[in-house]
Protein chains: 2
Amino acid sequence: MTIRIGILGYGNLGRGIEYAIAQNDDMELVGVFTRRNPEDVKTNSNVPVYSASELASMKDKIDVLMLCGGSATDLPEQTPHYAKDFNVVDSFDTHARIPEHFSNVDASAKSGGKIAMISVGWDPGMFSLNRLYANAILRDGNDYTFWGKGVSQGHSDAIRRIPGVKDAKQYTIPVEAALESVRACENPELSTRQKHTRECFVVAEEGADKAKIEQAIKTMPNYFADYDTTVHFISEEELKRDHAGIPHGGFVLRTGRTGKDGEHNHVIEYNLKLDSNPEFTACVLTAYARAAYRMNQRGLSGCKTVFDVAPADLSPLSPEEMRAHLL
Amino acid sequence: MTIRIGILGYGNLGRGIEYAIAQNDDMELVGVFTRRNPEDVKTNSNVPVYSASELASMKDKIDVLMLCGGSATDLPEQTPHYAKDFNVVDSFDTHARIPEHFSNVDASAKSGGKIAMISVGWDPGMFSLNRLYANAILRDGNDYTFWGKGVSQGHSDAIRRIPGVKDAKQYTIPVEAALESVRACENPELSTRQKHTRECFVVAEEGADKAKIEQAIKTMPNYFADYDTTVHFISEEELKRDHAGIPHGGFVLRTGRTGKDGEHNHVIEYNLKLDSNPEFTACVLTAYARAAYRMNQRGLSGCKTVFDVAPADLSPLSPEEMRAHLL
């Protein structure tokens, strides 16, 4: 039984899902759907490109619709809208607004008898799962999440908005000494500055005041002021050559105590090193598409998160194969 | 609603569960059950100690029975036996015999309408979960599991059986260079010798031939012959002072490729550093006791593994709390 997938939105994430589906024999990409003119969208495979408006007539042709819009404005509208008619998966990542998003999506998915899997990816997503597992196991302990080394799109954008900046890329870097202290079960209380540094590669416009740009970056509230920030001015060619990728990653740690008097320390660590943030995120969404489809086939509906999905539903292997080869 | 727990078998694992239950407000330890004379068993808390035979009359007083016997002979018999009358959790860890154990336990648990959660712990258990998640996400990749640094009970026992050995402790140690090669996405093919080394601390009997003991260890088939093994002869006092603990841990890694031509590499790593192997294992079993109880309350029955359990069922938090604080 092949799972028929549709992709709504063909940016980095949508392309990543296209690649991921090609790695999964039990899935088939039905089409890419776009709000742009379909003729302007060229896909990597031979999959047809449709206008998003055509989704309304393709309810029976798609088992799971992957929503690849942004969390700021697209998904809060798209996920509740499409969850009425399709099993959907989204990567909604505005942590503070997840409860509100969940409740909107849940009502819609239940009304249509569909599964809507929200906030899938690596954070929220795999990192959330690791926080949950580690907290359920080590009840008396401390949680730490570090991000990076990786490109923060939001911080790169913030630099680009500074007058005199032509282009920029910002890397978030975890502080190695902080990581080591956590791993040594020292249970440090870490300030924002102690956890991450920020490294910026900036292309200045000709004649721009570089000292002023550097000052504007380093004192920018919320984005940079609370961090030790390094600014490098480089040429446009160097930016293209050395900083074209979208790598990311990070670390989830929980340390905890057990025993008669808490005399034994334990460290649970999960870490990711990703050459391509959107392609890895796409792989996670694709695995959860399988689960969304299976759960709906079993008659389930409503909004779900990674917390609600039994791991077995993510794997193409049979239960017997899983027990024999992965357990 | 308090989950009422019974512990069958009061060794290191049973004691670990006793400690773990004290860290979980939604659980209560009803009693420790033993095949020994109950009067000879002193628990750390004030919990009553019963003879194992009394379990037959306590079916209504226990929500989940934790089976703390060994995998070689105890659990293959105990888990099917008790799964008829109790929700049970075991740590059956003979990987090759899991399919057989599953099938025996499944029939029994289904006949009694109970949940039997088998092979819970960290390997099998948390390591298995991480293998499954990573394989579902990175479809084109390679898996690696390293164990240690930690005490292998089986290898320590094997040394103790050598004539002239009074006592011994064996540590399994992952080879750092192999780990680094995996993390660098070099996809090495690693022989047994290239993955782990073995370090042995041996107390010889007075007058024993140490050279002969060392030779016997290093050439022992299966246990040591395929490894680079180091042997240290130490005094009984040193063994007691420096090697009394039961630490363990290890690493699960999967590296994989994504993109149009597999041009992007990704590394997923999960690692554990445990001061006490049995106490950490006990914490995992205790979290899965919560899931066993909840799944049975929802009318489910049969044999389950960590693959079948939605993560949310492990946590004492409500779904709303989980989404707000862990997602």
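Numbered from 1 within each chain, the chains take letters A, B, ... in sequence-line order. Keep in mind that the numbers below use all heavy atoms, side chains included, and drop hydrogens, waters and symmetry copies.
- Comparing Leu314(B), Leu274(B), Leu317(B) by how many heavy-atom pairs each has under 4.5 Å with chain A, the most go to Leu274(B).
- Side chain of Arg131(B) to main chain of Leu326(A): a donor-acceptor pair is present (N/O by atom type, distance under 3.5 Å, no hydrogens or angles).
- Interface residue Ile98(A): only side-chain heavy atoms are found under 4.5 Å from chain B.
- Looking at Arg254(A), there are no atoms closer than 4.5 Å to chain B (heavy atoms on both sides), in backbone or side chain.
- When Ser45(A), Cys283(A), Pro99(A), Ala287(A) are compared by the number of non-hydrogen pairs under 4.5 Å with chain B, Cys283(A) comes out ahead.
- Here the shortest heavy-atom pairing between Arg139(B) and Pro316(A) reads NH2-CG, 3.2 Å.
- Put simply, of Leu138(A), Thr286(A), Asn24(A), the one with the most heavy-atom pairs under 4.5 Å next to chain B is Asn24(A).
- With a 4.5 Å cut-off on non-hydrogen atoms, Leu129(A) touches chain B through its side chain but not through its backbone.
- Only the side chain of Asn135(B) comes within contact range of chain A, with at least one heavy atom under 4.5 Å from a heavy atom of that chain.
- Rounded to the nearest 0.5 Å, atoms CG (Asp123(A)) and CG (Leu327(B)) are 8.5 Å apart.
- To the nearest 0.5 Å, atoms OG (Ser103(B)) and CZ (Arg323(A)) are separated by 9.0 Å.
- Residue with the most contacts toward chain B among Gly259(A), Pro247(A), Pro124(A), Gly256(A): Gly259(A) (heavy-atom pairs, distance under 4.5 Å).
- Most heavy-atom pairs under 4.5 Å with chain A, from the set Arg183(B), Met322(B), Glu263(B), His95(B): that is Met322(B).
- No side-chain donor-acceptor contact under 3.5 Å links Glu269(B) to the backbone of Asn271(A).
- Considering all non-hydrogen atoms of both residues, Glu279(B) and Thr258(A) come closest at OE1-OG1, 2.6 Å.
- By the side-chain hydrogen bond (donor to acceptor under 3.5 Å, both in side chains) test, Asp275(A) is found to be paired with no residue, residues two or more places apart in sequence or in another chain being considered.
- In terms of non-hydrogen atom pairs under 4.5 Å with chain A, the most contact-rich of Glu320(B), Arg15(B), Met126(B) is Met126(B).
- Tyr19(A) and Lys260(B) get closest at one heavy-atom pair: CE2-CA, 3.5 Å.
- Heavy atoms of Asp143(A) lying under 4.5 Å from chain B are absent altogether.
- Contact count against chain A (heavy-atom pairs under 4.5 Å) is highest for Asn265(B) among Asp313(B), Asn265(B), Leu285(B), Leu272(B).
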Determine all donor-acceptor pairs shorter than 3.5 Å in which one atom belongs to a side chain in residues 303-312 of chain B; sequence neighbours excluded.
| residue | atom | partner | partner atom | Å |
| --- | --- | --- | --- | --- |
| Thr305(B) | OG1 | Phe307(B) | N | 3.1 |
| Asp308(B) | OD2 | Thr305(B) | N | 2.9 |

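- From Tyr133(A), atom OH reaches atom OH of Tyr133(B) across 3.0 Å, with rounding to the nearest 0.5 Å.
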| Could you go step by step and tell me if Ile137(B) and Phe280(A) meet the side-chain contact (heavy atoms from CB on, under 4.5 Å) rule? | CA-CA 8 Å; Ile137(B) 295 168; Phe280(A) 185 83; 3.7 Å; yes

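- With a threshold of 4.5 angstrom between heavy atoms, Asn130(B) approaches chain A through side-chain atoms but not through N, CA, C or O.
- With a 4.5 Å cut-off on non-hydrogen atoms, Tyr288(B) touches chain A through its side chain but not through its backbone.
- Contact count versus chain A (heavy atoms, under 4.5 Å) is highest, among Ala136(B), Ala282(B), Gly16(B), for Ala136(B).
- Using a distance-only test at 3.5 Å, with no hydrogens or angles considered, a donor-acceptor pair links the side chain of Gln23(A) to the main chain of Arg257(B).
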| request: Show the numbers, then the answer: is there a side-chain contact (heavy atoms from CB on, under 4.5 Å) between His266(B) and Ser276(A)? | output: CA-CA 8 Å; His266(B) 306 277; Ser276(A) 166; 4.1 Å; yes

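- Your options are Phe127(A), Tyr270(A), Phe251(A), Trp122(A), and the one with the most heavy-atom pairs under 4.5 Å with chain B is Tyr270(A).
- For Phe102(B), the part lying near chain A is the side chain, with the backbone staying farther off; criterion is any non-hydrogen pair under 4.5 Å.
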